[in-house]
Amino acid sequence: EPALIFDLGGKFDKSFNEAAYMGAKRWADETGGTYKELEMQSEAQREQALRRLAETGANPIVMTGFAFGDVLNQVAPDYPDTKFAIIDMVVEQPNVQSVVFTEEQGSYLAGIMAAMASKSGTVGFIGGMDIPLIHKFECGFAQGFKAAKPDGKVLINYTGTTPAAWNDPVKGGELAKAQISQGADVIYAAAGGTGIGILQAAADEGILSVGVDSNQNHLHPGKVLTSMVKRVDNAVYDAFKNGVEPGVKVLDLKAEGVDVAIDDNNKALVTPEMQAAVDEARAKIAGGEIAVHDYMTDNACPVQ
Amino acid sequence: MNKMPKWADVILTPVISLVLAMAISAFVILAIGESPTVALTTMIDGALGSSYGWGFTLYYATNFIFTGLAVMVAYHASLFNIGGEGQAAMGGLGVALVLLSLPLPHWALALPAAMIGAALFGAAWALIPAWLQAKRGSHIVITTIMFNFIAAAALNYILVNLLRPVGSMDPASGRFPEATHLPKLSDMALALGFEWGKNTPVNISFFVAVIACVLVWLLIWRSRLGFEIRAFGKSEPAALYAGINPVRITVIAMLISGGLAGLMAINNVMGEAERLVLNAVEGAGFIGIAVALMGRNHPLGVFLAALLFGFLYQGGGELALWTSIPRELIIVIQALVILFTGALDNMVRMPLERMFLAMRKRGA
Amino acid sequence: MAAMMQGGGRLETAAPAAIELRGISKAFGSVQANRDIYLRVERGTIHGIIGENGAGKSTLMSILYGFYKPDAGEILVGGRPLTIADSQTAIRAGIGMVFQHFKLVQNFTVLENIILGAEEGRLLRPSLSKARGVLRQLAKDYELNVDPDEVVENLSVGHQQRVEILKALYRQADILILDEPTGVLTPAEADHLFRILEGLRAEGKTIILITHKLREIMEITDTVSVMRRGEMVASVKTAETSPEQLAELMVGRKVLLNVQKVPATPGKPVLEVRGLRMVDAAGVERLRGIDLDIRAGEILGVAGVSGNGQTQLLEILGGYPEKGSTVTGKARVNGTPLPLSGAGCNAAERRRQGLGHIPEDRQVEGLIMDFAAWENVAFGYHDAPEYGRGPLMDRDAIRRDAEGKIARFDVRPPSCDLAARNFSGGNQQKIVVAREIERNPDLLLIGQPTRGVDIGAIEFIHKRIVELRDAGKAILLVSVELDEIMSLSDRIAVMFDGRIMGERLPGATTTGELGLLMAGVDPATAPTRDGTLPAHTP
Amino acid sequence: MDLNTVLQILDSAVRLMTPLLLACLAGLYSERAGVFDIGLEGKMLMAAFSAATVAALTGNVWLGAMAGLLGALLLAAVHGIASITFRGNQLISGVAINFLASGLTVLLGQKIFGLGGRTPSLTPGAELETQVTPFRAWLSGTTGPDTAAALTATPRFGEITLPLAETLRGVPVIGPLYAEVISGHTILVYVAFLMVPLTWWVLYRTRFGLRLRAVGENPASVDTAGVSVTRLRFAAVAIAGLLCGLAGAYLATGLSAGFVKEMTAGRGFIALAALIFAKWRPWGALGATFLFGLLEAVANRYPNLDLGVITVPSMFMNALPYILTVIILAGFVGRAIPPRAGGEPYVKER
Ligand SMILES: Nc1ncnc2c1ncn2[C@@H]1O[C@H](COP(=O)(O)OP(=O)(O)OP(=O)(O)O)[C@@H](O)[C@H]1O
Ligand SMILES: Nc1ncnc2c1ncn2[C@@H]1O[C@H](COP(=O)(O)OP(=O)(O)OP(=O)(O)O)[C@@H](O)[C@H]1O
Ligand SMILES: [Mg+2]
Ligand SMILES: [Mg+2]
């Protein structure tokens, strides 16, 4: 029986935990199988949860979030017969699969679309807590935007410094309005539950927004330019269905791990040129012609 | 003059209150379509049913003892320290800096060093609000709230930009050297020849917390300084008349309070995570307020209340882990326990008092 | 003694009494505060109630006012039975009460305090303007002058009391209860109060007056009742009794109403104060150059209306001048200078120099009300080496010491563990006095030693003060009670407006002369009736 | 910084301060009556949740707001019973209420909507329709289609353009100020601002206000005047509940469109700080909350202050409002004296 452990944000975080949950659910619906899922209360439970699951014989055990990395490094060797998969972090153990996404690539595509949809030449990025992972989104987005509009401007905000930063739609909305008043007409929200407020404010003010992680186009049909989807659901689904292959699994653009979502809700917003530009960039990134810089490699972003 | 025997006040009242809180919790569980009996047995079993459960219960309790004592000491000086959260976070920074920068060969050296770091940083974070209150009259409640936010921001910055190992995704410090890892109670049990609490985070800090309870008790009820703290807390004009310096007492009480909150870090940061992570305190500073108030601002009460909250945390964690009951239910149960044992205790005490008075009258 | 009957005695008259209480009982937990009380108060009279601290006087009156509910008994107002469930009922029945501890809102104006609970309609403005008019009338009728727009906390206690009386009169009270009204008043204020009460009686109003001062009972009441340990032990016509008899009824033994002491034999100077000035935080000069000398073995009494700098003088000498104030001048104890500001100026340091201090307000300064008696005995001396070693305190040592003091000072109940709050005022004061006197200080500062204390305790405290003097110690006694000053002091200094108006010897002065000095008039230099200065007689 | 930027920042400050102001006034009523209230946060959260839930179920924001008031009132009643009737510790009661709201909202939300404690977004769209339609159907079944149609109000508070806003825009400074900052907010913002003079008037010009202030300073004075301390305190606590209700409703149905768990994000505590800062006075509350709103708006606007030599990190700008608050408190505001009987249960006899 497979198992899934969510990070502290919880199953319904409007972000990658929720996406993971969707993947597991899809697997359960399709196969009729059952799985265990755990939500933690505190840091100390990470290890507890992993060990207890391993001891009850769950296999594979999938967990979301970089914060598990350290603990998994300790726990995995004790359960050599159990396979683990960790999302968003590399853990080098013989029974661990590390699934990482190239968020910068997906964000790059979103950046191109934002640049082409923007009339003012100014777009915004709003992140949750100021942590490296979110800078990865920010940097990819900025690169894509600058590639399409070299003299454009990206406004950057982070919501806060406490976990409340992920659940503050009011502040998100206010930050969006602040960016709008500075001329932004497309805003990319990478802030969990806070993003709901950002998308809302953008819709209210009649500008476009970009969703994140799961496809959020439906939240405000015709007002969300696109969503940078990170297919955590696929990763979980795949792990549940096909088992876990130890090693690092990079889910990049080529592997359809990340992408921009285009569906009925935003079709009208995507012009043919935009579609063409995105397709072209996608092909070039896949082919290696465009190398999108990953913030994590040197803690720096080539564009401002 | 006492209306009922002491044992009734100390034991009967809280127990009945607890039962009431549990009854209402059961009702809430029923209302969301789950089984109260399953929930209760899961909680009790998971928290108290095995040495494993106890290991976690005591681990959480250790955190709450420190923050509870912190709130308590300040409270005796009539200072309401809401800043335990920030002070404990800063204590974590102190621990991390000590352990990452000093080459400490053994935990027995590392523990006192880390304790000094934790207490110093926690105390330093309480110093400014204390000084502002004593000298400038800015209200300690506001400043400590503000300092919680400021601590979060500072730690955010320090972890992401200064302490994070290069290339790591995780905004956390590197692991502390192996030699500085604190002995877990399970290891100590093994050394004594039996198995207890395998793989639980409870560690030697628990004993430090217990010793802290005793020391705080000595401080408050047996020392001259404690006498001054309590006297100042009860009446500032009287303190002046007696030659007690308000500025000195305010600052000292807050330094001790902040130091105690900071000390929590030897448990969660040094003992459990063995590195400093973002938001390591996880609200224990706020739980400390409830623990101190429910413990009637006495170390023994703090100890018992911390155990109760440790139980709720661990039992609740088990609920979230192994049943489909949402984890938020635990918060509701905690709230009800705080409400009934802490704020509605007179609802139980008043009828009890009447009963005992009537019994005594009949006896006399 | 014909009209007096022991134990629930009654005075029979035909007309319905203003108030009649029958069989009132009230217990607080296990304490029986009132037991089967009978009391009858005739209309248009002033009825006194006396009794030791804790005898149950305040409780009885609170029951009459609907503040407490009696456990048993019946209340008749104007001859008709009335269930007084709350104060509202009492007010409607025409009962007004001035509590021992005033029930005023400190940061409200006089006017606001007066209309509180008796407003006309939902808006304040009409009530306020009506009250202003009524107040003006009352002020004229009864000489009850207070500025209606002054904030209560800025008023002297005497004026605060006027506000309480006005509150009752504004509610058209026919029966006015005053609980220890003169405890905090100066003699002049007390006289003024009595004139008002007489005026009210002349109007046909009924007054119940609780006091510890037999002089006042004799002076103004028509009838008097005595309470002891929760019971009413006697009710008599004032004209038919004497202070000695009342005192004996109250305490259950004979009481010496006058201090017995031998003439002082002053030794070397202990306290020398020169040019002491103090400007408070608000910039007001409170002390304007004080010079004082006290020798070993003498009591210097400082008389004066409260608020003329006595508090500041005691606080500065005690080592804790008001925050933000500036103090200049010089003071020496046994020849060693006392620092008047900075680090050396604190109360602990003063105690080490041999100063003792009985503060003016035992409940705010002298005691920690929630501390047990034994802790309060150590309060202020908690650093003393005999109370422990190093940073820790030795509870047993302190308790042994406290038990001794409590026994020697006859504190009742003689319990070390009872919180200060649960002692009566007199016994609280005894704890403070015991603590300070038994330290054998070279100089003892005393502020209002017997305020609100019953006569038994007053006798006791006075005796101890004189004993300390006879042991060769210097004593600075500040009191607003002229009787106390006159009977205890070896020399009397009168303070007015931050200055010493003059010094007199108790044998060579009169209360009249002191009263003039207290009002800022020096009879020696005051213009005589025809405007010429009297000749100086050195 | 040009005028436009200033206006935008002020506009943002007004929105950000509104929930703080309402909560601050709530605390003012309660604490002026002598009942400490650290449960502002919880009451706001509960109100935000109930408002969003009912608005989502009925599609009517007014019903939502009513529910918000009710939700907060319920918790206020708990606080009253604990701290007035049973003379419990007011701080503990407040802590408990915060926990209770934080847990109950998610628990109930998950039970009702299955969205993990979130309510559906209150913008017309698929998510909302699935919630509202059954309610309308039920309503037209019981009362006929007319009422159902009448209930098709918006699920969210809209922005109100004040009269002449556009006409006056041309007038220098005043015009844009009126059009940008004063006009164009939801009704609750205006309600909040009107609450300030209203509160002042109630507190200082009415019988109720006089007694309320008295009961917070010296309850015995009120009791001996024959007025019920209990009734007064309950009234104050209830008003506090209603104001928290408005604050919560504003958060969930005015500022944003729906409830998200923990969405109050510490605003109740900031309101408490503002209350102390304001020294428990209505106009002070306006000033203090405006300051907090303004500081946050400024920090939002300048997330990465580039000082040439160094770029101030975003964490610092996020903490700036708190740092400035400490500095201002230390420098400019003297000792704040709380209502004297605050935090003490009133006990006549022990
Ligand atoms: N609120 C109370 N709670 C409990 N016991 C009380 C209370 N008030 C009074 N008592 C008890 O009732 C007794 C009578 O008190 P009361 O205040 O009536 O005395 P009193 O005669 O007014 O004394 P005093 O002269 O000091 O004013 C006290 O000894 C005390 O034990
Ligand atoms: N909480 C209490 N428990 C027990 N007894 C009390 C309590 N409060 C007051 N008393 C008793 O009530 C009596 C009168 O107290 P009260 O506070 O009315 O006046 P006081 O300050 O003692 O007297 P005074 O002003 O006359 O010196 C005292 O004898 C005291 O023992
Ligand atoms: Mg009395
Ligand atoms: Mg008394």
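Every chain is numbered from 1, with letters handed out A, B, ... down the list of sequences. A quick note: this is a predicted structure, and the numbers were derived from the prediction, not measured.
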A.B. asks: Could you tell me which portion of C/Arg350 (side chain, backbone, both or neither) has an atom closer than 4.5 angstrom to a non-hydrogen atom of chain B?
C.D. replies: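 For C/Arg350, no heavy atom lies under 4.5 Å from chain B.
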A.B. asks: Counting C-beta onward and ignoring hydrogens, is there a side-chain heavy-atom pair between C/His382 and B/Glu228 closer than 4.5 Å?
C.D. replies: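 The answer is yes; the side chains approach within 4.5 Å.
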A.B. asks: Please answer whether the main-chain N or O of C/Ala384 pairs with a side-chain N or O of B/Arg224 as donor and acceptor at a distance below 3.5 Å.
C.D. replies: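 Here the side-chain-to-backbone pair exists.
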A.B. asks: To the nearest 0.5 angstrom, please state how far the CZ atom of B/Phe227 sits from the CE atom of C/Met393.
C.D. replies: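 Going from CZ on B/Phe227 over to CE on C/Met393, the span is 5.0 Å.
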A.B. asks: So which of C/Gly390, C/Gly319, C/Ala378 has the largest heavy-atom pair count under 4.5 angstrom toward chain B?
C.D. replies: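 Among C/Gly390, C/Gly319, C/Ala378, the one with the most close pairs to chain B is C/Gly390.
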A.B. asks: What heavy-atom pair brings B/Leu240 and C/Ala347 nearest, and what distance separates the two atoms?
C.D. replies: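 Residues B/Leu240 and C/Ala347, closest heavy atoms: O-CB, 3.6 Å.
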A.B. asks: Nearest heavy-atom pair of B/Ala242 and C/Gly380: which atoms, and what distance?
C.D. replies: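 B/Ala242 and C/Gly380 have their closest heavy atoms at CB-CA, 3.7 Å.
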A.B. asks: Sub-3.5 Å donor-acceptor pair from the side chain of B/Ser223 to the main-chain atoms of C/Leu392, do we have one?
C.D. replies: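 No; zero donor-acceptor contacts below 3.5 Å.
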A.B. asks: How far apart are the closest heavy atoms of C/Ile368 and B/Ala238, and which atoms are they?
C.D. replies: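 Looking at all heavy atoms of both residues, the shortest contact is CD1-CB, 3.7 Å.
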A.B. asks: Quick check on C/Glu349 against chain B: is it the side chain, the backbone, both or neither that has a heavy atom closer than 4.5 Å?
C.D. replies: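 No part of it gets close to chain B.
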A.B. asks: Can you see which heavy atom on C/Phe379 is nearest to which on B/Ala231, and at what distance?
C.D. replies: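 Answer, listing the atom of C/Phe379 first, then B/Ala231: CE1-CB, 3.7 Å.
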A.B. asks: Which atoms of C/Tyr387 are under 4.5 Å from chain B, going by heavy atoms: the side chain, the backbone, both sets, or neither?
C.D. replies: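 Backbone plus side chain of C/Tyr387, per the 4.5 Å heavy-atom cut-off to chain B.
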A.B. asks: List the atom of C/Val364, the atom of B/Ser235, and the distance in Å for their closest heavy-atom pair.
C.D. replies: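 Distance-wise, the nearest heavy atoms are O-OG, 3.2 Å.
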A.B. asks: Let me know if B/Leu219 has heavy atoms under 4.5 Å from chain C in its side chain, its backbone, both or neither.
C.D. replies: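 Contact with chain C: none, neither part.
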A.B. asks: Please tell me if the side chains of B/Tyr241 and C/Glu315 come closer than 4.5 Å, counting only heavy atoms from C-beta onward.
C.D. replies: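 B/Tyr241 does not reach C/Glu315 side chain to side chain.
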A.B. asks: What part of C/Arg389 gets within 4.5 angstrom of chain B, counting heavy atoms only: side chain, backbone, both, or neither?
C.D. replies: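 Backbone only.
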A.B. asks: Nearest 0.5 Å, what's the CZ-CZ distance between B/Arg222 and C/Arg395?
C.D. replies: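 Those atoms lie 3.5 Å apart.
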